[in-house]
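Side chains included, hydrogens not; waters and symmetry mates left out as well; all remaining heavy atoms used. Each ligand, and each atom within it, is numbered from 1 in the order the structure gives. A quick note: this is a predicted structure, and the numbers were derived from the prediction, not measured.
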Amino acid sequence: MIYTNLEEGKKAILVTYPTKFAVTEALELAESAGYTIVRTVSQKNITRSRFGIGKGKAEEVKDIAAELKIDVIIFDEILKPSQQYNLARLCKVDVVDREKLILEIFLDRATTNESKIQVKLAHLKYDIVRVKEKTRLAKLGEQPGFYGLGKYDADIHLLDIKRRTTLLKKKLKLEEKKRALHRVQRLSSNLPLIALAGYTSAGKTTLFNLLSEEKKNTSETVFTTLTTYTRSFLIEDRKVLISDTIGFISRLPPYMIEAFKSTLSELNYADVILLVIDFSEDSFAIRKKFKSSLEILSRLELPLDKCILVLNKIDRVKSNEIKEKLSDLVITRGMSQVVSISAELGYNIPKLRKMIEDRIKAP
Ligand SMILES: Nc1nc2c(ncn2[C@@H]2O[C@H](COP(=O)(O)OP(=O)(O)OP(=O)(O)O)[C@@H](O)[C@H]2O)c(=O)[nH]1
Ligand SMILES: [Mg+2]
């Protein structure tokens with residue numbers, strides 16, 4: 001059940017909200033997952049009960065699907081299995097929702113043992129609700145089996161998923177133990193820990209590389225980093241540690257945070273969190289991504305007073321725009337420290353280092 005579309009380049013219709021932000025992000029996600037979007041259909045409300053979209057829109061999608069011979073409908077919302085099934089059955093093609101799309105990208109990007117297990121577990125969790133829905137429909141006399149719900153015999157499939165889940169959970173426990181061991185070693189070293197957090201593509205790894213003189217992968221595509229790395233660097237002759245983490249995204253299914261909790265848990269041990277924001281984007285995108293980041297930080301129960309707000313990619317922003325954008329962004333209580341930098345060009349890094357230094361000074 002786990003596969004990627006990278007070689008296949010499947011033809012897809014994208015169903016999303018009618019805002020530039022939603023369309024751009026959804027296109028980026030779909031392309032990152034290897035789909036070729038041949039048509040975009042938008043509607044204000046895509047969380048309706050039966051098909052996600054309204055009946056008329058669903059019929060429109062059906063006609064486009066037939067006319068353009070598309071392979072998949074990419075639906076930019078988290079769908080219930082029943083909605084996914086209804087739409088797939090009506091249009092006679094598979095439906096990939098936002099959740100599945102993110103899972104597919106994660107699967108493609110996972111490089112370490114830990115992240116591979118985390119992604120596989122998240123996939124199985126996604127599958128299990130759908131197999132259960134399939135069993136329910138079968139009992140009602142429907143004949144599910146195609147269009148997004150898989151073609152396997154439900155009961156056997158369910159058992160198989162449960163068995164694989166147990167096995168993977170055991171493996172994950174081992175990986176978590178390793179991580180905990182490293183953490184104990186680090187904590188006993190008493191070195192201050194700086195953690196990077198923020199929306200995907202904000203420039204976290206670029207900043208991480210700059211500060212720690214590392215060469216980790218950075219790229220324009222979403223979710224480049226799926227694993228937490230920790231390195232050390234010096235601030236005024238004092239050795240400190242820095243961790244790079246997985247990027248955030250809006251409308252992330254809650255269990256995905258659960259799946260990556262051990263990776264993100266580095267943030268809980270941080271003395272300072274650098275919340276990185278791509279400040280070269282328009283105010284709307286900045287506000288949305290900032291809001292999503294804060295939501296995720298709060299779900300992880302992280303105190304905001306640990307954060308320094310790092311406005312990145314300032315090389316692409318005109319100086320008069322900085323103030324304007326900043327006043328547009330409501331700085332949340334408890335997060336009073338802000339610095340604008342360019343991780344790419346090294347602009348304002350001494351100022352950031354000084355801020356970190358002040359924060360980690362022994363009381
Ligand atoms: N112009 C400009 N580009 C930057 C700057 N910092 C990062 N970038 C670019 O932004 C893109 C994303 O950077 P990454 O460092 O990979 O972003 P990330 O936050 O680690 O992303 P994920 O790992 O996907 O969460 C890359 O193409 C970088 O070259 C900057 O200060 N200025
Ligand atoms: Mg990264």
Nearest non-hydrogen contact with [atom] belongs to which option: [options]?
atom: atom 12 (C) of ligand 1; options: S219, G247, A343, G203; result: S219
atom: atom 29 (O) of ligand 1; options: R316, E344, R109, K216; result: E344
atom: atom 14 (P) of ligand 1; options: I105, T206, N312, L210; result: T206
atom: atom 1 (N) of ligand 1; options: D315, T200, D244; result: D315

**Message:** Any N/O/S atom from T225 (main chain or side chain) under 2.8 Å of the Mg ion (ligand 2)?
**Reply:** yes
**Prompt:** Is the Mg ion (ligand 2) less than 2.8 Å from an N/O/S atom of T205, whether that atom is in the backbone or a side chain?
**Reply:** yes
Provide the number and element of each atom of ligand 1 under 4.0 Å from a heavy atom of [X].
X: F223; result: 24 (O)
X: A202; result: 17 (O), 19 (O)
X: E220; result: 27 (O)
X: T224; result: 22 (P), 23 (O), 24 (O)
X: T218; result: 14 (P), 15 (O), 16 (O)

Residue, atom name and distance, where the atom is the protein heavy atom closest to [atom]:
atom: atom 21 (O) of ligand 1; result: S201 N, 2.9 Å
atom: atom 25 (O) of ligand 1; result: K204 NZ, 2.9 Å
atom: atom 20 (O) of ligand 1; result: T205 OG1, 2.8 Å

**Request:** Verify the neighbour count for atom CD of Q185: are there more than 12 heavy atoms of other residues, nucleotides or ligands below 6.0 Å?
**Result:** yes
**Item:** Shortest non-hydrogen separation from L14 to V23 and the atoms involved
**Value:** CD2-O, 4.5 Å
**Complete:** On a heavy-atom basis, the closest approach of I360 and R238 is O-NH1, 2.8 Å
Cationic tip of [X] above [Y] ring, under 6.0 Å, 45° of axis:
X: K216; Y: Y229; answer: yes
X: R130; Y: Y126; answer: yes
X: K325; Y: F279; answer: yes

**Message:** Determine whether a donor-acceptor pair (N or O, by modelled atom type, separation under 3.5 Å) exists between the side chain of Q83 and the backbone of S49.
**Reply:** yes
**Contact (N/O only, under 3.5 Å) between K313 and ligand 1** = yes
**Prompt:** With a 3.5 Å cut-off and no angle check, do the side chains of Y35 and E104 form a donor-acceptor pair?
**Reply:**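 E104 and Y35 do have a side-chain donor-acceptor pair below 3.5 Å.
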**Prompt:** Under 4.0 Å between a Lys/Arg side-chain N and an Asp/Glu carboxylate O for K288 and E281?
**Reply:**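 Salt bridge absent between K288 and E281.
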**Message:** Using a strict threshold of under 4.0 Å (side-chain N to carboxylate O), is an ion pair present between K80 and E133?
**Reply:** no
